[in-house]
2 protein chains.
Amino acid sequence: MKSGQVTIKDLAKELNISVSTVSRALADNPLVKSTTKKAVMELAKKLNYQPNFTALSLRSNTTRTLGVILPQVVHDFFSQVLRGIEDIAYSKGYSVIICNTHESYEREVMDAKNLVNGRVDGILACVSKETKDFTHFQEFKDRNIPLVFFDCVVDDITTDKVIIDDHEAALIAVNHLISTGRKKIAYVGGPENLLISKNRYKGYKDALLEANIAFDENLVLHRETGDFKDGAGAVQDLLKKNVEIDGLFAATDLLAIGALKELKKAGYSTPRDVSICGFSNWKISEIYDPSITTVDQPGYNMGKISSNMLFKQIENKDANHKAETKVLKTSLVIRESTQI
Amino acid sequence: MKSGQVTIKDLAKELNISVSTVSRALADNPLVKSTTKKAVMELAKKLNYQPNFTALSLRSNTTRTLGVILPQVVHDFFSQVLRGIEDIAYSKGYSVIICNTHESYEREVMDAKNLVNGRVDGILACVSKETKDFTHFQEFKDRNIPLVFFDCVVDDITTDKVIIDDHEAALIAVNHLISTGRKKIAYVGGPENLLISKNRYKGYKDALLEANIAFDENLVLHRETGDFKDGAGAVQDLLKKNVEIDGLFAATDLLAIGALKELKKAGYSTPRDVSICGFSNWKISEIYDPSITTVDQPGYNMGKISSNMLFKQIENKDANHKAETKVLKTSLVIRESTQI
DNA sequence: TTGAAAGCGATACCAC
DNA sequence: GTGGTATCGCTTTCAA
């Protein structure tokens, strides 16, 4: 009973029976005499026995733990995804170990290495912005560790993926701006190398195309981040160019708000002069004054679907599993920033 | 080599040597002949051998893992705390398993039970709003599992704690409102049973006292949550009572913003008519229009200090450790909402 | 109905 | 230098 942990041995010794019997009794094995069983149960309760987690894991070669690798946790969207993951995991008696890479490639590699050695039964991952090399993820596949990508996925790795139809979402958002009579619509986007940025940008362009509005390179601003400051910076650049706009589609809510605040500084009112649409439906977009029209991403659902796919892999580890990609629909939330 | 995992046995068999030698070679033990060592190392690299985490844990009775129990992750403050914790943990080669209780007592108990069986080497915990019974935390102490509370702590359990001087922070914040000439200052607070709420409220009252401003019960509104909606609701109640205010101190930033927006609706401008101060310095308080004066909590530092205290406990597990409570200082960030 | 012993993957002590 | 074996805590055959 060293280090405060009561083991099955302690129970056996105390009751003068073998560890096998104790183990069986605790497992409520019908072979064990009911009096013995009762005695074991009672002592276990009395000494507050808890089976050692590590021993169980070693024996069963499972950890009842999922690993989640994601770039940020202070992020309304990811937090919803996490909730979805946790809800499914908890319902199956699994724990979740969250690795927060803080958008750092180095940290992501460390985290992956840390999870590769049998610490978890499966991995859910969303790759960071910085990541361009994916061998640390390939490692999971090589070791036959179940892996599901969500949101920011890796094309080169064949495994289950859950993504959002960013292209369609952007298309619908920009259509909405157009339908309210806007014609000179600017685009402010996040990191150009990200697939999600590319798709949102393409959605923007396609919406203009469909509406027969000429595409104008001058109205497009790709930024290094999806942050507030970059939204403001983008508008400054726009104003310097002296171009006229009456609408703005931003690839994140923070970009939208940064842009809005900067436009206001320059004397433009939203939605009157420039109507603005963001992306993600962060809480702030609801609270902001004016509230921001934005694309709602089904984060909770994405978490649930991803972990369900992961559990399917875990449960059929031997069977060869056909990788699947699920594309989730979004919806547009119309608020003050586009209501005229 | 079942389930894709290469073990020390596989290496031994392949090289026709014993597992002991392989183990020693991998540990770079000087007793091993260098040619043997080289052969082992090379084969290990070739087969991509990784020592099994669970076996290591069982052997050493340590998991090199910290458990963090907290009520929310989408929370600027907690996320900073987490970063502080992670930075220290990573630097010591530890992983962090985050249990997000979503402010639910039930979930908190589940999480605690889940961590009590040797899955982690120590626990960092911030209790949820709902929690009134603390036996699940006492369990850690009983089992001699290192435990540190941060932010929302449990008075009845003797262990290391890291808290913020909420009372002083509130005092300084309200002093600031008074110093800008405000005299009819309302208080909008979160759940009354929380220690942090009590202290912030007391800070508010003491600031008035010090300034010889009569305390007026009508200006005080305790709410069920610290959320945006409750801020708005509080102001609605205030307006119904037909009381005049020229300042407002809220126990959270979201309460502050909810109040501000509602006041604006009723025709009051901030800071001109009512200046407003929040608490926590969430990102939104910087971005909001107008930006919000608020109390900055040293979250990152709190995380670092907490985990350092935890490691001290882990490293001196046998020595009887004297519990300590650290109180961290805050600072006031003055922004537009109180600049006249 | 129960006990002895093997085994999960790794380390470390004791022989030789 | 190297191999055999006990051990960590638990489950599960195999024998009795």
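A note on names: the letters A, B, ... follow the listed sequences, proteins ahead of strands, and every chain is numbered from 1.
In this structure, of C:dA10, D:dC10, C:dC14, it is D:dC10 that holds the atom nearest to the side chain of A:Ala55. With distances taken from any side-chain atom of A:Ser23 to the nucleotides D:dT11, D:dT2, D:dC10, the minimum falls on D:dT11. Side-chain proximity of B:Leu58 to the nucleotides C:dT11, C:dT2, C:dG9 is greatest for C:dG9. Each of C:dG9, D:dC10, D:dT12 was ranked by its minimum atom distance to the side chain of B:Arg59; first place goes to C:dG9. Closest contact between the side chain of A:Arg24 and the listed nucleotides D:dT5, D:dG9, D:dC14 involves D:dC14.
Mapping A:Val19 and A:Thr35 onto DNA chain C by nearest heavy atom places A:Thr35 closer to the 5' end of the strand. In terms of position along DNA chain D, the nucleotide closest to B:Ser18 lies nearer the 5' end than the nucleotide closest to the other residue of the pair A:Leu26 and B:Ser18.
In summary, A:Arg107 and B:Asp87 engage in a salt bridge, as defined by a charged side-chain N under 4.0 Å from a carboxylate O. Remark: B:Glu315 engages B:Lys92 in a salt bridge, criterion side-chain N to carboxylate O under 4.0 Å. A salt bridge between A:Glu139 and A:Lys113 is absent, with no side-chain N of the basic residue lying under 4.0 Å from a carboxylate O of the acidic one.
A donor-acceptor pair is defined here as one N or O able to donate and one able to accept, closer than 3.5 Å; no such pair exists between the side chain of B:Thr131 and the backbone of B:Asp133. Using a distance-only test at 3.5 Å, with no hydrogens or angles considered, a donor-acceptor pair links the side chain of A:Thr65 to the main chain of A:Thr63.
The separation between A:Ile17 atom CD1 and D:dC10 atom P is 14 Å, rounded to whole Å. Put simply, NZ on B:Lys38 is 16 Å from P on D:dG1, counting in whole angstrom units. Here C:dT11 presents its C1' atom at 14 Å from CG of B:Leu31, a figure rounded to the nearest Å. When the P atom of C:dT1 is taken as reference, atom CG of A:Asp28 falls 13 Å away, rounded to whole Å. Whole-Å rounding puts the B:Lys9 NZ to C:dT11 C1' distance at 14 Å. Note: CG (A:Asp121) to P (C:dC8) measures 18 Å, nearest angstrom. Between the P atom of C:dA12 and the CG atom of B:Asn61 lies a distance of 14 Å, rounded to the nearest Å. To the nearest angstrom, P of C:dC8 lies 21 Å from CZ of A:Arg64.
Side-chain to base pairing of A:Ser20 with C:dA4: one donor and one acceptor N or O lie within less than 3.5 Å of each other. Taking 3.5 Å as the limit, the base of C:dG3 and the side chain of A:Thr21 contain no donor-acceptor pair of atoms between them.
Here B:Gln313 contributes atom CD and B:Asp121 contributes atom CG; the two are 12.0 Å apart, rounded to the nearest 0.5 Å.
For the helix from C:dT1-D:dA16 to C:dC16-D:dG1, the axis fitted to the five pairs at one end and the axis fitted to the five pairs at the other end meet at an angle of 60° (nearest 10 degrees).
You'll find the side chain of B:Leu115 reaches within 4.5 Å of the side chain of B:Ile123, heavy atoms only. B:Glu14 places a side-chain heavy atom less than 4.5 Å from the side chain of B:Leu43.
Backbone-only engagement by B:Thr36 is indicated by non-hydrogen atom pairs under 4.0 Å involving sugar-phosphate atoms exclusively. Within 4.0 Å of A:Ser57, counting heavy atoms only, lies no atom of the nucleic acid at all. Among the atoms of the strands shown, only primed sugar atoms or phosphate atoms (P, OP1, OP2) are found under 4.0 Å from some heavy atom of A:Tyr49.
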